[in-house]
Amino acid sequence: MKDPNFFEKVFDVVRLIPPGRITSYGAIANFLGTKGSSRMVGWAMHAASSAIPPIPAHRVVNSAGLLTGKVHFGTPTLMEELLKSEGILVKDDKVQNFKKHFWDPSVEIGG
DNA sequence: TTTTTGACGATTC
DNA sequence: AGAATCGCCAAAA
């Protein structure tokens with residue numbers, strides 16, 4: 001992969017997520033223009049494990065604020081720990097104050 | 001080139 | 001209100 005437009009965009013957006021903030025796959029997909037294809041964002045995250053610099057995928061959750069991708073963090077609690085380490089409350093693999101910490105790329109970047 | 005999948009989202013039953 | 005299913009589209013085998 002040299003210029004994976006789609007992946008690169010996803011990586012770029014996720015890397016732009018400031019600490020203590022989180023966003024949803026759909027929000028990123030919407031920003032990329034492939035709205036409705038939120039799954040593509042998740043699929044891109046698979047490659048994120050091989051992306052340089054590393055992608056703070058722990059700041060990306062689903063629309064429900066659930067840490068669905070926590071299983072990809074080596075440990076099933078790493079993602080939760082990372083979020084809590086940034087000041088985000090996580091309960092039962094679910095982000096609390098989701099909308100409060102929500103970070104919309106189309107607003108922060110697209111603005 | 002075709003088929004399967006996939007860290008989602010929304011709608012329908 | 002809860003559970004199940006369809007739809008999005010791109011990448012990997």
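These numbers come from the heavy atoms of this one structure, side chains and all, not from hydrogens, waters or symmetry mates. Here is the naming used below: chain letters follow the sequence lines, and residue numbers restart at 1 for every chain.
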- Note on the structure: Per atom distances to the A/Ser49 side chain, the nearest of C/dA11, B/dA7, B/dA10 is B/dA7
- Query: So, A/Asn62 side chain and A/Leu66 main chain: donor-acceptor pair closer than 3.5 Å or not?
  - Reply: yes
- Message: Nearest whole Å is fine: how far is B/dT5 P from A/His72 NE2?
- Response: 15 Å
- CG of A/Leu67 versus P of B/dC8: gap in Å, rounded? 11 Å
- Heavy-atom nearest pair, A/Ala57 first then A/Phe73, reads C-CZ, 3.7 Å
- Distance, rounded to the nearest Å, where A/Phe6 contributes CZ and B/dC8 contributes C1': 11 Å
- Distance, rounded to the nearest Å, where A/Asn62 contributes CG and C/dC8 contributes P: 20 Å
- Would you indicate what A/Ala57 reaches in the nucleic acid, counting non-hydrogen atoms under 4.0 angstrom: base, sugar-phosphate, or nothing? base
- Note on the structure: Rounding to 0.5 Å, atoms OG1 (A/Thr23) and CG (A/Leu16) come to a distance of 11.5 Å
- Item | Closest-nucleotide ordering on DNA chain C, the 5'-leading residue of A/Arg39 and A/Thr34 | A/Arg39
- Query: Does the side-chain hydrogen bond (donor to acceptor under 3.5 Å, both in side chains) test come out yes or no for A/His58 and A/Glu86, once each step is laid out?
  - Reply: CA-CA 10 Å; A/His58 64 274; A/Glu86 294 186 354; 3.0 Å; yes
- Closer than 4.0 Å, any side-chain N/O of A/Ser63 to the OP1 or OP2 of B/dG9? yes
- Query: Starting at NE2 of A/His46 and ending at P of B/dA7, how long is that distance when rounded to a whole Å?
  - Reply: 4 Å
- Task: Check whether any side-chain N or O of A/Thr68 sits under 4.0 Å from OP1 or OP2 of B/dC8, and answer yes or no.
- Result: yes
- Could you tell me the separation between the CG atom of A/Asn5 and the P atom of C/dA11, rounded to a whole number of Å? 9 Å
- Item | Transitive ILVMFWY side-chain link A/Ile55 to A/Ile22, under 4.5 Å | no
- Task: Whole angstrom is fine here: how far is it from CZ in A/Phe11 over to C1' in B/dA7?
- Result: 12 Å
- Message: What is the separation between atom CD1 on A/Ile28 and atom P on C/dA10, rounded to the nearest whole Å?
- Response: 17 Å
- Query: Counting only Watson-Crick or G-U wobble pairs whose two distances fall under 3.5 Å, which nucleotide matches C/dA3?
  - Reply: B/dT12
- Item | Comparing A/Ser38 and A/Trp43 on DNA chain C - which has the more 5′ nearest nucleotide | A/Ser38
